Amino acid sequence: VQLQASGGGLVQAGGFLRLSCAASGRTFSTYSVGWFRQAPGKEREFVVVLTWSGNTFYADSMKGRFTISRDSAKTTVYLRMNSVTPEDTAVYYCTVHNRGSYYDTYSYDSWGQGTLVTVSS
């Protein structure tokens, strides 16, 4: 499945953004979809996953600020980011879980191009 992340941009600290992840030609009905992010000079890190059955798992630092959801047609997954800080500046990627730990990048494939989020202080 091909993925396209969008919705990134420049936002002030304390503000919010909503990122979107669209599947090309297919739905997410049988896929678990994750969001990862990669800040400049840092490794890609897990943000959140929405399993095909509707369960969610968040990285501890995102709990309470970020919310993952999907539309009823299961063609788009969203990441709502509230109370952003400059530390949230990164390229955000959506991806499809293949096998293994939800928290490990190697458990995913079909990475999209990513969307850049820049948080100004």
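Just so it is clear, the structure is predicted and the values come from calculations on it, not from any experiment. Computed over heavy atoms, backbone and side chain alike; hydrogens, waters and symmetry mates excluded.
Between L3 and S110 the shortest heavy-atom distance is CD1-O, 3.1 Å. Here the shortest heavy-atom pairing between A5 and C94 reads CB-SG, 4.0 Å. The nearest pair of heavy atoms linking R70 to S53 is NH2-C, 4.3 Å. For R99 against S107, the heavy-atom pair with the smallest separation is O-CB, 2.9 Å. Taking every heavy atom of both residues into account, Y108 and D104 meet most closely at CD1-O, 3.2 Å. Between F28 and A22, the shortest heavy-atom contact is CZ-C, 4.2 Å.
Taking the centre and axis of the six-membered ring of Y93, the NZ or CZ atom of R44 falls inside the cone set by 45° and 6.0 Å.
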Run the numbers on V84 and N82 for side chain to side chain contact (heavy atoms under 4.5 Å, CB included), then give the verdict.
CA-CA 5 Å; V84 295; N82 292 332; over 6 Å; no
Show your working on side chain to side chain contact (heavy atoms under 4.5 Å, CB included) between V119 and Q12 and close with a plain yes or no.
CA-CA 5 Å; V119 182; Q12 287 189 328; over 6 Å; no
Give the C-alpha distance, both sets of side-chain angles, the deciding distance and a yes or no for ring pair (Phe, Tyr, Trp, His ring centres under 6.0 Å) between W111 and F36.
CA-CA 10 Å; W111 293 86; F36 283 72; 5.2 Å; yes
As a quick check of understanding, evaluate side chain to side chain contact (heavy atoms under 4.5 Å, CB included) for W35 and I68, giving each step before the final call.
CA-CA 9 Å; W35 285 95; I68 192 170; 3.6 Å; yes
Can V33 and T95 be said to form a side chain to side chain contact (heavy atoms under 4.5 Å, CB included), step by step?
CA-CA 6 Å; V33 179; T95 179; over 6 Å; no
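Looking only at side-chain heavy atoms (C-beta outward), R18 and L79 stay at 4.5 Å or farther from each other. Proximity of S120 to L10: side-chain heavy atoms (C-beta onward) are separated by under 4.5 Å at one or more points. Side-chain contact between M62 and E45 is present, with heavy atoms from C-beta onward closer than 4.5 Å. At least one side-chain heavy atom of V117 sits less than 4.5 Å from a side-chain heavy atom of L19. A heavy-atom distance below 4.5 Å is not found between the side chains of F66 and F16.
In this structure, the side chain of T75 does not engage the main chain of T27 through any donor-acceptor pair within 3.5 Å. Put simply, the side chain of T115 gets close to the backbone of G8: a donor and an acceptor are under 3.5 Å apart. Remark: side-chain polar atoms of R65 are paired, donor with acceptor, to backbone N or O of S83 under 3.5 angstrom. Remark: the backbone N or O of R80 is not paired with any side-chain donor or acceptor of T67 at under 3.5 angstrom. In this structure a side-chain-to-backbone donor-acceptor pair under 3.5 Å is present from D88 to T85. Checking side-chain atoms of D71 against main-chain N and O of T76 turns up a donor-acceptor pair under 3.5 Å. Under a 3.5 Å cut-off, the side chain of Y92 and the backbone N or O of V47 do not form any donor-acceptor pair.
Clustering of Ile, Leu, Val, Met, Phe, Trp and Tyr by side-chain heavy atoms under 4.5 Å joins W52 with none of the others.
Between H97 and Y102, the ring centre distance stays below 6.0 Å.
Under the 4.5 Å side-chain heavy-atom criterion for grouping Ile, Leu, Val, Met, Phe, Trp and Tyr, M81 is connected to Y58 within one hydrophobic cluster.
Counting heavy-atom neighbours within 6.0 Å of Y103 OH, excluding the residue itself, gives a total above 12.
Here the OH atom belonging to Y31 is positioned 10.0 Å from the CG atom belonging to N98, to the nearest 0.5 angstrom. Put simply, CG on L116 and CD on Q38 are 12.0 Å apart, with the number rounded to the nearest 0.5 Å.
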